[in-house]
S.K.: 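Next up is a structure, given as structure tokens.
What you see below is based on every heavy atom in this structure, not just the backbone, and it leaves out hydrogens, waters and symmetry mates. Everything numeric in this text was worked out from a predicted model, so none of it was measured. Position 1 is the first residue of the sequence; numbering continues from there. Counting starts at 1 for both ligands and their atoms, following the listed order.
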Amino acid sequence: MTLQLGDTVPDFEAQTTEGPMRFYDWAGESWVVLFSHPKNFTPVCTTELGAVAKLKPEFGRRNVKVIGLSVDAVDDHHRWAEDIRETQTAALNFPLIADHDRRVSDLYGMIHPNANDTLTVRSVFVIDPAKKLRLTLTYPASTGRNFTEILRVIDSLQLTDQHSVATPADWQQGQDVIIVPSLSDEEAKKRFPKGWRALKPYLRVTPQPGS
Ligand code: BEZ
């Protein structure tokens with residue numbers, strides 16, 4: 001079954017570079033970015049894990065835990081971590097799931113047989129503290145992901161969970177946002193004391209709340 005936005009994600013037990021874990025217990029009250037990569041000791045994956053390690057403080061600031069996964073064994077993960085440290089000027093600082101029996105990959109639909117019937121694709125799952133799925137991304141093996149974009153989406157999710165707003169194309173933290181069309185002007189007057197510009201009745205732009 002394909003996981004869809006709003007679904008409660010399944011719990012699982014797994015071996016990781018930081019020992020055995022039960023996913024829900026590990027996640028606790030945090031947001032989670034769970035991402036798969038196709039294979040250890042491959043170039044694009046090596047750069048991705050270095051990129052995530054460098055961004056870990058940014059994820060932490062947003063109450064987000066990160067966890068990677070591939071179908072390789074945990075000993076392989078540890079050996080590969082040495083290469084990551086050597087080549088990416090960043091040490092692996094988050095757990096990697098060793099999903100050699102593909103239990104988690106199958107549970108989350110990370111193997112797309114028509115792309116590759118044994119390796120995971122580059123999946124991303126953003127999961128909120130209620131264990132609801134809030135974002136999925138699927139990239140091919142040949143394209144490394146932009147993890148800064150994932151941070152940007154998390155900023156948007158966390159903001160729009162708190163206020164009756166949505167964020168426009170290419171929005172960045174601190175920029176103007178859009179008042180959701182379901183909110184009447186009457187209600188908007190109470191919630192957005194700084195006012196708004198109405199480009200259309202359905203397109204009302206207001207400063208980011210709290211900025
Ligand atoms: C890579 O990470 O470089 C890679 C992995 C699997 C297939 C192609 C590229």
Side-chain angles (χ1 to χ4, degrees), residues 1-5 9-10 12-21 23 26-27 30-60 62 64-127 133-155 170:
M1 198 188 70
T2 312
L3 279 172
Q4 298 186 323
L5 298 190
V9 298
F12 57 83
E13 289 181 7
Q15 292 298 325
T16 81
T17 46
E18 298 183 5
M21 69 137 68
F23 180 63
W26 173 82
S30 297
W31 288 69
V32 171
V33 173
L34 167 63
F35 68 100
S36 58
H37 55 272
K39 200 167 166 47
N40 293 3
F41 302 106
T42 51
V44 177
C45 298
T46 303
T47 63
E48 283 194 327
L49 294 210
V52 174
K54 286 178 198 157
L55 285 174
K56 190 172 173 210
E58 290 298 325
F59 285 108
R62 293 160 172 84
V64 180
K65 291 181 175 175
V66 288
I67 184 163
L69 173 151
S70 72
V71 293
D72 300 283
V74 79
D75 286 351
D76 261 10
H77 283 354
H78 285 302
R79 286 195 297 117
W80 186 35
E82 291 307 311
D83 292 0
I84 293 164
R85 182 201 305 273
E86 187 186 319
T87 62
Q88 303 303 306
T89 60
L92 194 65
N93 52 11
F94 56 90
L96 277 189
I97 296 169
D99 193 36
H100 43 87
D101 58 7
R102 300 190 214 162
R103 267 189 311 118
V104 182
S105 315
D106 285 339
L107 197 58
Y108 276 72
M110 294 166 168
I111 293 179
H112 296 199
N114 290 327
N116 187 304
D117 57 6
T118 53
L119 303 179
T120 41
V121 290
R122 297 189 195 281
S123 297
V124 181
F125 298 88
V126 174
I127 300 159
L133 182 61
R134 303 296 300 275
L135 168 86
T136 57
L137 286 173
T138 308
Y139 273 47
S142 52
T143 306
R145 286 159 286 196
N146 181 338
F147 289 92
T148 306
E149 165 62 5
I150 293 163
L151 284 168
R152 192 188 74 86
V153 180
I154 291 167
D155 282 343
D170 300 328

S.K.: List the residues meeting side chain to side chain donor-acceptor pair (under 3.5 Å) with E48, not counting sequence neighbours, and say none if there are none.
M.R.: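 Expected list: R122, R145.
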S.K.: For F59, enumerate each residue passing the ring-ring contact (aromatic ring centres under 6.0 Å, His included) test, keeping only those at least two apart in sequence or located in another chain.
M.R.: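 Scan of F59 (ring-ring contact (aromatic ring centres under 6.0 Å, His included), adjacent residues dropped) gives none.
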S.K.: Shortest non-hydrogen contact from N40 to A73?
M.R.: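 Distance-wise, the nearest heavy atoms are ND2-O, 4.5 Å.
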S.K.: Every pair of nitrogen or oxygen atoms between ligand 1 and the protein that is under 3.5 angstrom apart - can you list them with their distances to 0.1 Å?
M.R.:
| from | atom 1 | to | atom 2 | distance (Å) |
| --- | --- | --- | --- | --- |
| ligand 1 | 2 (O) | T42 | OG1 | 3.0 |
| ligand 1 | 2 (O) | V44 | N | 3.2 |
| ligand 1 | 2 (O) | C45 | N | 2.8 |
| ligand 1 | 2 (O) | R122 | NH2 | 3.0 |
| ligand 1 | 3 (O) | P43 | N | 3.3 |
| ligand 1 | 3 (O) | V44 | N | 2.7 |

S.K.: Angle class for the W80/F41 ring planes (parallel below 30°, perpendicular above 60°, tilted otherwise)?
M.R.: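 The arrangement is tilted - the two ring planes meet at 30° to 60°.
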S.K.: Check whether any side-chain heavy atom of V44 lies under 4.5 Å from a side-chain heavy atom of H37, and answer yes or no.
M.R.: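 No, every pair of side-chain atoms sits at 4.5 Å or beyond.
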S.K.: Hey, could you give me each pair passing salt bridge (charged side-chain N to carboxylate O under 4.0 Å, His left out) that has a residue in residues 30-42? Not counting sequence neighbours.
M.R.: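 Listed once each, the pairs would be none.
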